[in-house]
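Throughout, residue positions are numbered sequentially from 1 according to the sequence presented. No hydrogens, no waters, no symmetry mates; every other heavy atom, side chains included, goes into these values.
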Amino acid sequence: MAGASPSHVHPIQHNHILADIQPRPAIFRSWERARRQRVHWLVECIAEMFGVFCYCYAGLGATAAFIVGNILKLNGIGSLFTIGVAYGLGIVVALVVCTATSGGHLSPAVTLVHVLFNGLPPTKAVRYITAQIFGSFMASIFVYWQWNILIKDAEAALRTAGVYDTVNFTSLGPAGIFALYANPAAPLALVFLNEFVSDFFIGIVIAACLDPTNFFTPPVATPWVVGLTYGTAIWGFSSNGLAANTARDVGGRLVAIAVWGTKANGGKYAAIAALTNILATVAAYAFYEFIFKDSSRVLTVIGKEYHDSRTAQLEHRRYHLDNLTVRYGAGSDSERGKHVENLEK
């Protein structure tokens with residue numbers, strides 16, 4: 001339009017957006033405008049919550065089958081292998097569904113890595129971490145409700161055998177479906193080392209998947225690579241206790257405490273389970289940055305395409321941000337400022 005200010009020129013008109021090929025009903029278009037200006041942060045938190053819910057729901061269900069099946073002698077309904085597969089596929093589903101909206105952190109450790117290395121605002125990190133823990137909490141509630149009858153049967157069987165107090169608050173007891181417990185025979189130093197090394201291993205793989213110059217992990221492969229890595233850690237190293245995700249640990253432990261009381265808190269191991277993966281993931285990302293990453297490498301074609309798409313999306317948001325100046329004008333700084341703050345968070 002002749003004489004239009006730059007803010008009226010759409011910055012990504014050379015890119016195809018969803019509206020070009022799939023026009024949405026007016027009610028959704030109105031909601032999208034409101035969401036971008038006011039509550040996009042809430043939508044991102046819902047995505048993080050739902051992503052963690054997906055992977056915990058899958059893994060906890062498989063864990064319930066394994067533990068309850070062992071106690072009630074229901075052979076064949078669960079194993080350590082099925083637990084690893086369930087968590088791995090749950091991560092695949094979570095990343096596929098939620099990454100486009102929130103970035104697919106799904107872990108407080110990954111969120112803190114983005115704060116330390118990629119400039120994620122701390123306020124946004126707090127919201128993400130809260131949403132992640134809530135997702136784990138809700139998944140644990142649903143799994144407890146769906147397995148409630150068999151869990152009660154398992155508890156009754158343990159009482160009949162006279163081993164309820166010995167078994168329940170271990171990785172083989174009903175409380176162990178939700179709260180994570182270390183091998184009681186393993187010293188805490190070994191438990192910490194096992195957790196740190198396993199989480200460092202997972203963290204290195206995540207860092208490699210985030211590297212846009214890595215030809216072997218295009219974005220489309222990332223969910224499968226991360227999911228398989230997580231499953232591998234479970235198959236090989238969960239016998240001494242493995243949390244791997246603070247959100248998974250804290251959300252599940254809160255539900256266990258709500259159901260069985262403070263005896264389910266995990267004792268000294270609770271701190272190892274909740275915090276070690278954060279230290280290990282940050283260390284793994286720093287290690288990858290110092291040793292493996294190289295700024296002179298060429299971006300992969302798919303990596304560049306992904307980067308360009310994300311940049312276009314941010315420019316699209318900036319376009320709406322700039323137009324707030326036109327909408328509210330210089331005389332409405334407080335109103336415009338409120339919308340600007342909402343969009344930039």
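With Thr111 as reference, Gln132 is the one residue of Arg127, Glu48, Gln132 to meet the side-chain hydrogen bond (donor to acceptor under 3.5 Å, both in side chains) rule.
When ring centroids are compared, Phe292 and Phe287 come within the 6.0 Å threshold.
Thr246 meets the side chain to side chain donor-acceptor pair (under 3.5 Å) test with Asn277; sequence neighbours excluded.
The shortest heavy-atom contact between Gly176 and Thr63 is O-CG2, 4.2 Å. Of all heavy-atom pairs spanning Ala139 and Leu60, the tightest one is C-CD1, 4.1 Å. Closest of all the heavy-atom pairs between Ser102 and Tyr128 is O-OH, 2.8 Å. Taking every heavy atom of both residues into account, Asn245 and Pro108 meet most closely at OD1-CD, 3.4 Å.
Classified by interplanar angle (parallel below 30°, tilted 30° to 60°, perpendicular above 60°), the ring pair Phe142/Trp145 is perpendicular. The aromatic rings of Trp260 and Phe169 sit perpendicular to each other, their planes meeting at more than 60°, with 30° as the lower class boundary.
In this structure, Ile204 CD1 and Thr281 OG1 are separated by 10.0 Å, a value rounded to the nearest 0.5 Å. Leu210 contributes atom CG, which lies 7.0 Å from atom OG1 of Thr222 (distance to the nearest 0.5 angstrom).
With hydrogens and angles ignored, the 3.5 Å screen pairs a side-chain donor or acceptor of Thr276 with a backbone N or O of Ile272. Looking at Arg248, its side chain never comes within 3.5 Å of a backbone N or O of Ser136 through a donor-acceptor pair. No donor-acceptor pair under 3.5 Å is formed between the side chain of Tyr181 and the backbone N or O of Gly267. With Thr217 contributing its side chain and Val225 its backbone, the two residues share no donor-acceptor pair below 3.5 Å. Looking only at distances, a side-chain donor or acceptor of Arg253 sits under 3.5 Å from a matching main-chain atom of Asn265. Judged purely by atom type and a 3.5 angstrom limit, Glu195 uses its side chain to pair as donor or acceptor with the backbone of Ala243.
For the pair Val68/Trp147, a side-chain contact is recorded, criterion being any heavy-atom separation below 4.5 Å from C-beta on. Val191 is not listed as a side-chain neighbour of Asn183, based on a closest heavy-atom distance of 4.5 Å or more.
Follow the hydrophobic side-chain contacts under 4.5 Å out from Ile278 and you reach Val250 in the same cluster.
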